[in-house]
A.B. asks: 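Before I ask anything, let me first share the structure, which is written out below as structure tokens.
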Amino acid sequence: MEAESEPYVRLASLRQLHRGMADMNTARSLADTLQTVADGVVDSLGYELACVNLVRPDGDLVVAAFSGNAAAEALITGRVGSRASWERRLSMGESWGDLIFIPHTEGWVLDDDDVPQWYTDGPAPRFEDEWHPSDRLFAPMYAPGPQGGGAGELVGVLSVDRPRNGRLPGAWGREALQMYAFQAAIAISNARLRSNMQRALVRLEREQQALRASEESFRQAFEYAPSGMAVAEMGGDQHGRILRTNDALCRLLGRPASVMRRYSFSDLVHPEDIGTLLRTSAEGGRAELRLARRDGTYVWVSLRNSVVADAADGPRFLLSHVEDIEDRKRRELHLAHRASHDSLTGLPNSAELRARLSARLCRQRPSVLPAAVDEAMAAFESFDSQDAAHGPPAFDRGHDFDFPPEAEGFEGYDHHVHAIAPDGDRDDGAKGLAVLFCDLDGFKSINDRFGHNAGDTVLIEVARRLSNGVRDGDTVARLGGDEFVILANGLGRADAQDLAVRLRNEIIQPIRAEGRAVRVGASFGIGWAHCGMTADEVLKSADERMYVEKRSRPKQHRRAG
């Protein structure tokens, strides 16, 4: 009877086995897959109890699913067994193919290890092939090897107990459990992969949401910032081209956003500030410069650039913060002007005069150096590529041309032009930096007779006439009181004397002060600045010549009344 019914039983078992495999491969999550695997052992393979021990990332195994006994399930689900204990179990007992059977005669050795287990009751077996309550049967679950090779990584272990027929599984039962464990390993691996993909998708969606929120926050911060903001290209042919601006920057420069995108900052910056802009754009950082408004005026701004980089492609664009500092800059320039200019006349004051004069002088007295350098420069200019075969012109000391001893210690002739005084009292055609020291004659009497307001009016008018009487680039400064100094470069001796006469004639013209016409005269002393002198020495020389000139003129000729 048994032999005749065996084919039917096997066919039913195959159907149950196929249904269990289909269920575990269609589970929606890893947890559902694990539970389906445990349930399939009970429902499809004819065991009363089944446990899925899953390998954790740290290598230990955790009881992840249990089927067949609610009390046992509550007792051991979630408990962990060490990898060492599991490897000991899988290395002992009898090997039934990939299965490990540890009979009750050997299992007592494992009673004290840390692998979670349950205990069942029942009578001792009466026959040789009966199942003993202390027998243990394990089905290791290995993921498939790469490219269809042998067993791969251990995924977990199926523990089964109590076959329903009470007998040790035969060849068919062992093959079915081994096949089921192999398919369970595939299903668990796939479920893990799906779970990881789902977590990755959830994480990606969260990151995208965070990115969208960040972009929206940036957009609002950019658009509604109280100061100007711009995004500009960095690198390539379009370096510096403005891609995006906010309303504050458009209002500041009086240009709509559509027009701003036609420009780069180099198109809008003041010509004198282009170097500052290029350094700031290349390195990031902060600079103060002037940008052009639509009406042609310029506004002082503080420009702060941040280089926004891409980890793969390098720098991509510049984020520029543009702050209007026109009022502060105007105050700073006003304070700087007050510090360097006379508050009454608006002319450069004594400190500014000395600074400008000192900037034209160096410590090295030129002596015969200008002629020597002219000779050297002429030799250099006459040298061209056709002379290259004969070597460079002999500029080095020890060759045919020697710099004079006076050139020793002189620094930077290539960027400095020596200030040279005409030689002697005759006009030999030499031109230099003339320093005209002007002292007003009769000014004290105006102060005494008509008051300081009248005196201030006279000083203001004299300053205006002196400024109108010199060339652009010349300096007219008020040294203090009624003393003025004029710095005029490139004048010969006769030129300087003619200038002094013209300025004196302008000054002696009547000046309207406090409702009356007054006159003052002027005495001029002409000094010459040259390298090797200090600014104070130059001014002292011109002052002394002014007093010589004042004493040499009759008192009645010093002013016109």
Side-chain angles (χ1 to χ4, degrees), residues 333-361 419 433-489 491 496-497 499-514 518-529 533-550 553 558-560:
L333 293 175
H334 178 66
L335 291 174
H337 186 273
R338 288 183 58 183
S340 61
H341 287 71
D342 176 52
S343 59
L344 177 64
T345 63
L347 296 177
N349 59 18
S350 175
E352 178 68 10
L353 169 68
R354 284 175 167 79
R356 295 188 186 185
L357 183 54
S358 296
R360 298 297 308 274
L361 305 174
L433 177 58
V435 180
L436 282 68
F437 199 107
C438 172
D439 182 79
L440 299 184
D441 299 327
F443 176 75
K444 184 177 182 304
S445 63
I446 292 177
N447 259 345
D448 294 341
R449 292 173 59 190
F450 306 119
H452 289 286
N453 287 340
D456 289 347
T457 301
V458 169
L459 292 175
I460 294 171
E461 179 61 19
V462 168
R464 187 189 68 81
R465 294 180 183 183
L466 289 174
S467 298
N468 291 340
V470 300
R471 304 164 302 177
D472 292 339
D474 292 343
T475 295
V476 177
R478 183 186 178 195
L479 194 60
D482 60 351
E483 294 178 335
F484 297 84
V485 174
I486 297 95
L487 303 182
N489 193 31
L491 298 186
Q497 292 171 350
L499 176 61
V501 171
R502 285 190 288 105
L503 294 178
R504 182 185 296 113
N505 290 337
E506 286 294 325
I507 291 173
I508 64 175
Q509 300 302 317
I511 298 174
R512 195 74 180 175
E514 295 296 308
V518 298
R519 293 173 181 266
V520 291
S523 297
F524 282 86
I526 303 174
W528 296 94
M533 299 177 67
T534 66
D536 287 337
E537 289 173 343
V538 175
L539 294 174
K540 181 179 179 182
S541 173
D543 186 27
E544 291 173 349
R545 285 183 170 84
M546 183 273 296
Y547 277 107
V548 171
E549 194 270 345
K550 184 186 288 282
R553 293 170 53 226
R558 294 178 190 169
R559 63 183 179 89

A.B. asks: Listed by chain and number, what are the salt bridge (charged side-chain N to carboxylate O under 4.0 Å, His left out) partners of Asp474, not counting sequence neighbours?
C.D. replies: Arg471

A.B. asks: How long is the span from the CD atom in Glu483 to the CZ atom in Phe437, to the nearest 0.5 Å?
C.D. replies: 4.0 Å

A.B. asks: Supply the atom-to-atom distance Asp543 CG to Asp439 CG, rounded to the nearest 0.5 angstrom.
C.D. replies: 8.0 Å

A.B. asks: Supply the atom-to-atom distance Asn453 CG to Asn447 CG, rounded to the nearest 0.5 angstrom.
C.D. replies: 9.5 Å

A.B. asks: Are the side chains of Leu487 and Val485 in touch, meaning some heavy atoms are under 4.5 Å apart?
C.D. replies: yes

A.B. asks: List the residues meeting side chain to side chain contact (heavy atoms under 4.5 Å, CB included) with Ala434, not counting sequence neighbours, and say none if there are none.
C.D. replies: Leu436, Leu491, Ala496, Trp528

A.B. asks: Do Leu347 and Phe484 have side chains that approach each other closer than 4.5 Å (heavy atoms only, starting at C-beta)?
C.D. replies: yes

A.B. asks: Please report the closest heavy-atom contact between Glu549 and Arg504, naming both atoms and the distance.
C.D. replies: OE2-NH2, 3.1 Å

A.B. asks: Flag the pair Leu539 / Leu353 as yes when at least one side-chain heavy-atom distance between them is below 4.5 Å, and no otherwise.
C.D. replies: yes

A.B. asks: Against Arg478, only a single residue in Leu466, Leu344, Asn349 fulfils side chain to side chain contact (heavy atoms under 4.5 Å, CB included); can you say which?
C.D. replies: Leu344

A.B. asks: Who pairs with Lys444 by salt bridge (charged side-chain N to carboxylate O under 4.0 Å, His left out), at least two apart in sequence or on another chain?
C.D. replies: Asp448

A.B. asks: CE of Met533 to NZ of Lys540: how many Å apart, nearest 0.5 Å?
C.D. replies: 10.5 Å

A.B. asks: Rounded to the nearest 0.5 Å, how far does CD1 of Ile526 lie from OG of Ser541?
C.D. replies: 11.0 Å

A.B. asks: Please find the pair of heavy atoms, one from Val435 and one from Ala529, that lie closest to each other, and give the distance.
C.D. replies: CG2-CB, 4.2 Å

A.B. asks: How long is the span from the CG atom in Leu357 to the CD atom in Glu537, to the nearest 0.5 Å?
C.D. replies: 10.5 Å

A.B. asks: Are the side chains of Phe524 and Ile507 in touch, meaning some heavy atoms are under 4.5 Å apart?
C.D. replies: yes

A.B. asks: Can you list the residues that meet the side chain to side chain donor-acceptor pair (under 3.5 Å) rule with Asp536, with sequence neighbours excluded?
C.D. replies: Arg354

A.B. asks: Whether the Arg356 and Thr475 side chains hold a donor-acceptor pair (N or O, under 3.5 Å, no angle test) is what I'd like checked.
C.D. replies: yes

A.B. asks: Show the nearest heavy-atom pair for residues Ser523 and Lys550, with the distance to one decimal.
C.D. replies: OG-NZ, 3.5 Å

A.B. asks: Test of understanding: with salt bridge (charged side-chain N to carboxylate O under 4.0 Å, His left out), list the residues that count as partners of Arg464, not counting sequence neighbours.
C.D. replies: Glu461

A.B. asks: Could you pull out all residues at least two apart from Arg502 that satisfy salt bridge (charged side-chain N to carboxylate O under 4.0 Å, His left out)?
C.D. replies: none

A.B. asks: Just wondering, do Ile511 and Arg465 contact through their side chains at under 4.5 Å, heavy atoms?
C.D. replies: yes

